[in-house]
Amino acid sequence: MTAELSRAARATEQRSRIETAAYRLFVERGYEATSFQDIARGASTKKQLVQYYFPQKPDLLVLFMRRVLRLAEEVAESRHLMGASRFARLFVVAQIQLSFLFTKAPSLALDILASRRLSTEIVSFDLGWISETMQSTPKEAIEISDGLRMAVGGLYEICFYRLSNDQDIDVQRVAGQMMQSFMTSLGYSTDEAAAELAPYRLDAGMRDSSSDLVHDLVVSSGTGR
């Protein structure tokens with residue numbers, strides 16, 4: 001039993017080092033410019049071991065984005081930014097998450113936006129988290145999924161255009177547009193959506209400090225599951 005526990009602990013430690021190395025490289029270089037060999041070097045291990053734990057590189061990206069999302073939620077909770085409304089919670093987390101991506105990891109953000117495969121992977125994970133946050137029934141989940149895919153698709157188009165043309169992105173504005181599109185797809189009027197979201201628009205200082213904190217936490221350790 002002791003030997004089995006030792007092997008399990010060693011495996012956990014190895015995975016954690018690999019994840020941490022990958023996360024740091026994704027932030028610094030982006031996804032496409034990060035190879036398995038780069039990750040192995042950053043984790044002080046062999047490429048074969050990296051691929052043993054993570055046969056597909058997108059697996060590491062999904063873990064990374066899962067960690068970013070969960071940490072954005074935790075930071076928002078710790079700073080008492082979340083409201084009782086389900087939509088307010090989504091809006092606050094979206095502002096922090098997008099601020100992190102566009103200010104701390106712009107190359108990664110552009111890689112995700114430019115790839116249908118990567119963006120689909122991320123949206124698929126996000127839908128699970130959003131369904132959980134919305135506390136939706138199975139029937140509602142389908143409606144929410146369709147509405148969100150349309151809203152996020154529009155967000156990605158806008159942000160890809162701006163990033164690829166070296167234009168700044170107003171995180172609060174694009175996050176608000178995404179949420180209003182999502183809410184109107186569920187039957188809310190534009191005015192109702194705007195009124196619901198208005199109290200939860202984070203100012204630049206709060207967004208920046210929150211994304212700084214997410215950055216520090218996301219690259220400090222692995223085990224993002």
Side-chain angles (χ1 to χ4, degrees), residues 65-66 68-77 79-106 109-110 112-114 116 118-165 167-211 214:
M65 292 301 293
R66 179 182 299 171
V68 169
L69 185 60
R70 293 299 186 187
L71 288 173
E73 185 178 27
E74 289 174 16
V75 168
E77 291 279 13
R79 296 186 168 196
H80 308 291
L81 302 175
M82 301 288 234
S85 161
R86 300 177 298 172
F87 296 110
R89 295 178 69 84
L90 296 182
F91 183 41
V92 168
V93 172
Q95 289 175 83
I96 296 174
Q97 182 189 34
L98 293 176
S99 180
F100 167 83
L101 284 173
F102 296 139
T103 63
K104 307 302 177 187
L110 188 56
I112 293 171
L113 295 173
R116 177 63 62 85
L118 295 180
S119 61
T120 299
E121 290 271 5
I122 301 307
V123 170
S124 294
F125 165 71
D126 284 350
L127 285 173
W129 176 79
I130 288 167
S131 181
E132 174 188 319
T133 301
M134 296 287 289
Q135 298 179 334
S136 56
T137 65
K139 182 178 179 180
E140 290 174 329
I142 296 174
E143 186 178 8
I144 287 170
S145 173
D146 289 344
L148 192 68
R149 287 185 188 279
M150 288 190 288
V152 172
L155 170 74
Y156 280 9
E157 284 295 322
I158 293 170
C159 293
F160 176 71
Y161 174 81
R162 291 191 176 281
L163 281 180
S164 59
N165 287 281
Q167 297 179 8
D168 291 335
I169 294 175
D170 184 334
V171 168
Q172 185 189 92
R173 180 170 176 271
V174 296
Q177 289 175 327
M178 178 190 72
M179 287 300 304
Q180 286 191 33
S181 174
F182 175 44
M183 292 176 70
T184 54
S185 75
L186 299 178
Y188 289 77
S189 71
T190 301
D191 289 343
E192 287 173 333
E196 178 109 13
L197 300 176
Y200 301 99
R201 295 181 182 275
L202 305 184
D203 63 38
M206 181 58 72
R207 288 199 310 273
D208 289 345
S209 64
S210 296
S211 64
V214 170

Counting distance only, does the side-chain N/O of [X] pair as donor-acceptor with the main-chain N or O of [Y] below 3.5 Å?
| X | Y | answer |
| --- | --- | --- |
| S210 | R207 | no |
| Q97 | V68 | no |
| E157 | G153 | no |

Nearest 0.5 Å, please: how far is [atom2] in [Y] from [atom1] in [X]?
| X | Y | atom1 | atom2 | answer |
| --- | --- | --- | --- | --- |
| E74 | L69 | CD | CG | 10.0 Å |
| M179 | L197 | CE | CG | 5.5 Å |
| L202 | S209 | CG | OG | 9.0 Å |
| R86 | M183 | CZ | CE | 9.5 Å |
| Y156 | R116 | OH | CZ | 11.5 Å |

Minimal non-hydrogen separation, [X] against [Y], with atom names:
| X | Y | value |
| --- | --- | --- |
| S181 | T184 | O-OG1, 2.9 Å |
| G147 | F182 | C-CD1, 3.9 Å |
| F102 | V171 | CD1-CG2, 4.1 Å |

pair [X]-[Y]: side-chain heavy atoms closer than 4.5 Å:
| X | Y | value |
| --- | --- | --- |
| M178 | I158 | no |
| K104 | V214 | no |
| L71 | F100 | no |
| M206 | I96 | no |
| L98 | I169 | no |

[X]: which residues meet the side chain to side chain contact (heavy atoms under 4.5 Å, CB included) condition with it, sequence neighbours left out?
| X | value |
| --- | --- |
| Y161 | N165, Q167 |
| L110 | F160, L163, S164 |
| R173 | R162, D170, Q177 |

- prompt: Which residues satisfy the side chain to side chain donor-acceptor pair (under 3.5 Å) test with S189, sequence neighbours excluded?
  reply: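 S189: side chain to side chain donor-acceptor pair (under 3.5 Å) contacts with E192.
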
- line: T103 meets the side chain to side chain donor-acceptor pair (under 3.5 Å) criterion, sequence neighbours left out, with none

field: Residues in ring pair (Phe, Tyr, Trp, His ring centres under 6.0 Å) contact with Y188, at least two apart in sequence or another chain
entry: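 In terms of ring pair (Phe, Tyr, Trp, His ring centres under 6.0 Å), with neighbours along the sequence ignored, Y188 is linked to F87.
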
- prompt: How would you list all residue pairs meeting side-chain hydrogen bond (donor to acceptor under 3.5 Å, both in side chains) that involve residues 196-205, not counting sequence neighbours?
  reply: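 Sorted result for residues 196-205: S85-E196.
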
